[in-house]
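Report on one structure; see the data block that follows.
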Amino acid sequence: MRVPSRSSGPQPGPPVTPRRLPTAPPARTAAGPDLAAYRAAVADLLVEVGALADAPSTAARQILIDDRLREPPLAAVLEATPQGFLGARETLLLEMARYQPNERSSARDLAALVRIYLLSRIDVMWWRDTPTFVTDTQVQGSTELVDLEWLRRRDLLRFRYREQPATRLGRGWQAARRRLRPDASPRTAGLLARRARREVVALLNDLGREFAAATPPGTPPLWVTSLTRSTEHQYRLRRLGYAAMLPSGHCVGYAVDVEMDWFARFGVRDTLARLLHARQEAGEVNVVDEGQAWHVCLAPAARQRLRRAYEAEMGV
C-alpha cells in the first residue's frame with residue numbers, strides 16, 4: 001500500500017493559477033479519459049483511505065488526496081468536469097470534512113463517501129453541457145421527460161417503482177403496510193417525481209427484460225428507487241443526511257437508482273450486479289455501488305440507440 005510522502009522535498013498542493021491545471025498531464029484516449037484506468041485508480045485510493053479512516057489521520061488523508069488525485073488517470077476525469085480539477089478536489093475534501101455517518105446515508109464510512117463521489121464524477125463529466133433541473137416544478141413540467149404512470153397503465157414498463165406519498169394519510173398507509181409485510185417490497189420512500197427521459201425508460205426496459213430472462217420464474221421485476229431529481233430536491237436530501245452529491249446525473253435526468261439488497265432474498269442480487277457491470281463494460285452506463293441501491297447513469301454513447309428503441313417500442 002502506498003502512503004503519503006513525508007520527505008522534506010516539494011509537497012503537492014493546489015497551484016494559485018491557472019485555476020484548472022493539475023500537476024500531471026491527463027491520461028486520455030481518442031474518446032476521452034480512460035475510464036477503466038480511472039476506476040482502477042479509485043479502487044487503489046480507497047484502500048489507502050480505509051487505512052486512514054480514524055479521526056487523528058485527518059491531515060494524512062488530505063495529503064493523500066492531494067497526492068493521488070494528481071495522478072493522470074484521476075486528474076483526467078476530474079479536469080473534464082464542470083468544476084475542473086481544483087474544484088472537484090476541493091469539493092471532495094469538503095465532503096470528507098463534513099462527513100457524519102448516519103442510517104440514511106449510503107456512505108457507510110469515509111471510503112464509501114470517496115467512492116461514491118469519485119465514481120459519480122464520470123456522470124458529471126459525460127453530461128457537463130446538459131442543463132440541470134433546478135426546481136421540482138421544472139422536473140414536473142419538462143417536455144423532455146415522460147410520465148411513468150401513463151406508461152405503466154398501458155403495460156409499457158418492464159420495471160417497477162413506488163411513488164412517494166403526497167399526504168399524511170398516504171404516508172401512514174405506507175408505514176402500516178411495511179409493518180404488516182416488511183419484505184414484500186424494497187424499503188424505499190419512493191419517487192418524488194415519476195418522470196424520466198425517454199432514453200432512460202428504454203434502458204430500464206432493456207435491463208428489466210434481461211433480468212427477467214436471467215432469473216427463475218417468480219422473481220420480482222427490476223425495481224427503481226430513484227429517477228430524475230431537481231437540484232432543489234438534492235439539497236433537501238443532503239439536509240436529511242443522504243449522500244446526495246452535486247453536481248449529479250440525477251439532476252440532468254440521466255441517472256437512476258436500482259434496488260439491489262432486496263433481491264438477495266430471492267438469490268438473484270449477484271445476477272443483477274453482473275448485468276449492470278456488463279452494461280458498464282460495454283460503455284453504456286456508469287455504475288456506482290451505493291449499498292442497498294446502485295446508482296446507474298446512461299452514457300452519451302448509448303443515447304441515440306436507446307432513443308430509437310424507445311420510439312420503436314412505444315410506436316412514436
Side-chain angles (χ1 to χ4, degrees), residues 123 126-127 130-174 177 184-212 220-237 242 244 247-259 262 276 279 284-286 293-300 302-316:
D123 309 0
W126 279 345
W127 300 107
T130 303
T132 61
F133 296 105
V134 178
T135 67
D136 295 342
T137 301
Q138 288 179 350
V139 172
Q140 295 291 357
S142 174
T143 58
E144 297 177 8
L145 307 174
V146 294
D147 187 347
L148 294 188
E149 190 63 13
W150 190 91
L151 298 174
R152 186 191 68 80
R153 290 176 181 175
R154 288 155 179 80
D155 194 30
L156 293 172
L157 298 181
R158 306 279 75 84
F159 59 93
R160 289 182 184 172
Y161 62 91
R162 173 187 293 130
E163 191 172 3
Q164 194 172 119
T167 66
R168 182 177 299 179
L169 179 62
R171 290 190 292 270
W173 169 248
Q174 181 168 291
R177 187 167 52 187
S185 63
R187 296 187 62 83
T188 174
L191 306 179
L192 180 65
R194 62 186 190 216
R195 298 178 63 78
R197 290 190 181 271
R198 293 160 177 84
E199 299 89 342
V200 170
V201 172
L203 170 67
L204 291 171
N205 274 348
D206 266 4
L207 186 60
R209 281 187 288 266
E210 195 174 7
F211 182 56
L222 182 74
W223 194 292
V224 176
T225 64
S226 183
L227 283 164
T228 309
R229 302 178 195 151
S230 66
T231 304
E232 177 184 22
H233 187 51
Q234 202 78 342
Y235 278 115
R236 193 180 299 131
L237 293 174
Y242 293 97
S248 170
H250 284 288
C251 298
V252 293
Y254 286 109
V256 304
D257 292 340
V258 175
E259 175 66 31
W262 184 63
L276 291 173
R279 296 255 172 180
E284 287 196 346
V285 299
N286 180 46
W294 284 16
H295 174 96
V296 181
C297 183
L298 176 67
R303 181 183 179 185
Q304 186 176 13
R305 180 187 72 78
L306 289 168
R307 182 57 177 260
R308 289 197 301 264
Y310 176 87
E311 292 171 354
E313 187 172 359
M314 305 302 168
V316 296

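None of the values given here were measured: they were computed from a predicted structure.
Counting heavy atoms from C-beta outward, Leu222 and Val258 have side chains that approach closer than 4.5 Å. Using a 4.5 Å heavy-atom threshold, the side chains of Thr188 and Arg162 count as touching. Using a 4.5 Å heavy-atom cutoff, the side chains of Leu227 and Leu204 are in contact. Residues Met314 and Leu151 have side chains in contact (heavy-atom distance under 4.5 Å, counting atoms from C-beta outward). Taking the side chain as every heavy atom from C-beta outward, Pro221 and Phe159 never approach each other to under 4.5 Å. A heavy-atom distance below 4.5 Å is not found between the side chains of Glu232 and Val134.
For the residue pair Arg158 and Asn205, the shortest heavy atom distance occurs at N-OD1, 2.7 Å. Smallest separation of non-hydrogen atoms from Leu237 and Ala244: CB-CB, 4.0 Å. Between Val252 and Trp127 the shortest heavy-atom distance is CG2-CB, 4.0 Å. Scanning all heavy atoms of the two residues, the minimum distance from Leu192 to Arg236 falls at CD2-NH1, 3.6 Å.
Between the CZ atom in Arg279 and the CG atom in Asp206 there is a gap of 5.0 Å [rounded to 0.5 Å]. Atoms NE2 and CG, from His250 and Asp257 in turn, are 3.5 Å apart once rounded to the nearest 0.5 Å. Between atom CD of residue Gln138 and atom CZ of residue Arg195 there is a gap of 12.5 Å, rounded to the nearest 0.5 Å. For the atom pair OG1 (Thr225) and CG (Leu191), the distance works out to 7.5 Å, reported to the nearest 0.5 Å. The CG atom of Leu306 sits 5.5 Å away from atom CG of Leu203, with the distance rounded to the nearest 0.5 Å. Interatomic distance, Arg229 CZ to Asp136 CG, rounded to the nearest 0.5 Å: 11.5 Å.
Salt bridge annotation for Glu149-Arg152: present, with a cationic side-chain nitrogen under 4.0 angstrom from a carboxylate oxygen.
Residue pairs meeting the ring pair (Phe, Tyr, Trp, His ring centres under 6.0 Å) criterion with at least one member in residues 135-157: none, sequence neighbours excluded.
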Does the pair Tyr310 and Arg197 meet the rule for a side chain to side chain donor-acceptor pair (under 3.5 Å), with working shown?
CA-CA 10 Å; Tyr310 176 87; Arg197 290 190 181 271; over 6 Å; no
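For Glu313, the salt bridge (Lys or Arg N to Asp or Glu O under 4.0 Å) partners at least two apart in sequence or on another chain are Arg209.
Taking the six-membered ring where tryptophan is involved, the planes of Trp262 and Trp223 are perpendicular, since the angle between them exceeds 60° and thus also 30°.
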